[in-house]
Amino acid sequence: MLFVPIDLRSDTITRPTDGMRAAIAAAEVGDDVYGEDPTVLALQERVAALFGHEAALFTPTGSLANLLAIRSLVAPGQEVLCESSAHIARAELGAHGAAAGVTMRTWTSPRGQVDLAAISGLFAPDMGPFFVRTTAVSVENTHNFAGGAVLPIADLEALRSWSGSVGVAVHLDGARLWNAHVATGTPLATYGAQVDVLTVCFSKGLGAPIGSMLVGSEAAVTEARVWRKRLGGGMRQVGILAAGAAYALDHHVDRLAEDHAHARLLAEACGVDPVSVDTNIVVLDRPDAAAYVAAAREEGVLVSAVGPRTVRLVTHLDVSADDAQRAAEVLAEL
Ligand SMILES: *Cc1c(COP(=O)(O)O)cnc(C)c1O
């Protein structure tokens, strides 16, 4: 390849911008295990307030935030219900079982949607001494493996109203909730009001190098803080990372709309109906995903195979309008 490849493998590959690096360099720090890092404390307060919750906890990864969040709702030997291609079910290496003793049952929706009929059918809070007890439902917005699909707020409200009536907790994996917020205009606090605990990532479309946040009640966060340390996730002068995340909140939320426009452009070039592309992820059905990935690479466009017939393209901060145009031309040829 004679030129720098256009990397559409993931929105995690972004590198911090000069402005973000300057914010990181200037961060005031302290020992966060002592609760003395002012930059972390400010970010936690800010993000809790954005979602209308009491408290928040900074974590190195979204997987750890999800593990701590679900652990706060589901005791060992109890279950969480989730969609069958949810990140918590497929892409966290079984952490919820391996590290928290949580079991899962799943419903299946082609676009990762909330299926309240299926969920209420699975729900088993107390079926006697032989059956696992359901104590939480988890949803993912946007849904990664469903191609960045948005969950409509009306469906989340219906889930909230049902969950309140039967007394089951709700967790939201919001790794890309920022994308759903920008795509729909739904306020972050409206999403926050539908759930007991949620997680967000700064390291995806927002372009920070590291960092996620668990958001919930004071009690859930206090407990999660203990478990974060117990699992080896206590961090010290981590304000240098929180500063990158705060910079991303200031500068990189509204611009996600550009990523969404680029994704629609790529979809059109690849024969996918752009109306089916809600945010920054495009999923292609190709007879041989690995061969397609190799052919695109030859032409300087990096994409990933996420199944034998499934290719995923993700737009992000480091893909300019020109890059998107060039990638669209290359992929249209393929
Ligand atoms: C990326 C992602 C996470 C967290 O991933 P980490 O790599 O552990 O930060 C969680 N949920 C979804 C839906 C994701 O896409």
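Keep in mind that what you see is a predicted model, and the values were worked out from it rather than measured. Whatever order the structure lists them in is the order used to number ligands and atoms, beginning at 1.
- Ion pair Asp155/Arg160 not flagged as a salt bridge, since none of the NZ, NE, NH1 or NH2 atoms sits closer than 4.0 Å to an Asp/Glu carboxylate oxygen.
- Evaluated by nearest non-hydrogen atom to atom 11 (N) of ligand 1, the leading choice among Val200, Val314, Asp173 is Asp173.
- Which parts of ligand 1 touch Glu140 is read off a 4.0 Å heavy-atom cut-off, strictly below it: atoms 13 (C).
- Close N/O approach between Gly62 and ligand 1 is found [any backbone or side-chain N/O within under 3.5 Å].
- Between the side chain of His53 and the backbone N or O of Ala55, no donor-acceptor pair lies under 3.5 Å.
- At a threshold of 4.0 Å, the pair Arg255-Asp259 counts as salt-bridged, since one of the basic side-chain nitrogens sits closer than that to a carboxylate oxygen.
- Between Asp278 and Arg176 there is no salt bridge, since no side-chain N of the basic residue sits under 4.0 Å from a carboxylate O of the acidic one.
- Of the N or O atoms in Ser212, none lie within a sub-3.5 Å distance of an N or O in ligand 1.
- The shortest contact between atom 8 (O) of ligand 1 and any protein heavy atom is with Ser63 OG, 2.6 Å.
- Under a 4.0 Å criterion applied to the non-hydrogen atoms of Thr61, ligand 1 contributes the atoms 8 (O), 9 (O).
- One finds no salt bridge joining Lys204 and Asp11 here, because no Lys/Arg side-chain nitrogen approaches an Asp/Glu carboxylate oxygen to under 4.0 Å.
- A 4.5 Å side-chain heavy-atom check between His87 and Glu92 finds at least one atom pair inside the cut-off.
- Ring geometry for Phe202 versus Phe58: interplanar angle of 30 to 60°, hence tilted.
- For the side-chain contact (heavy atoms from CB on, under 4.5 Å) criterion with Val314, the lone passing option out of Thr12, Asn280, Leu8 is Asn280.
- Residue Ala175 touches ligand 1 through its side chain alone, judged by heavy-atom distances below 4.0 Å.
- Between Thr142 and ligand 1, not a single N/O pair is under 3.5 Å apart.
- At least one heavy atom of Arg176 sits closer than 4.0 Å to an atom of ligand 1.
- Between Asn144 and ligand 1, an N or O atom pair is found at a separation short of 3.5 Å.
- Ligand 1 places these atoms under 4.0 Å from at least one heavy atom of Asn66: 10 (C), 11 (N).
- Atom-to-atom distance recorded for Leu122:CG and Leu81:CG is 5.5 Å, nearest 0.5 angstrom.
- Geometrically, ligand 1 and Glu92 share no nitrogen or oxygen pair separated by less than 3.5 Å.
- Numbered from 1 in the order shown, with element, the atoms of ligand 1 that lie under 4.0 Å from a heavy atom of Lys204 read 1 (C), 2 (C), 3 (C), 4 (C), 5 (O), 14 (C), 15 (O).
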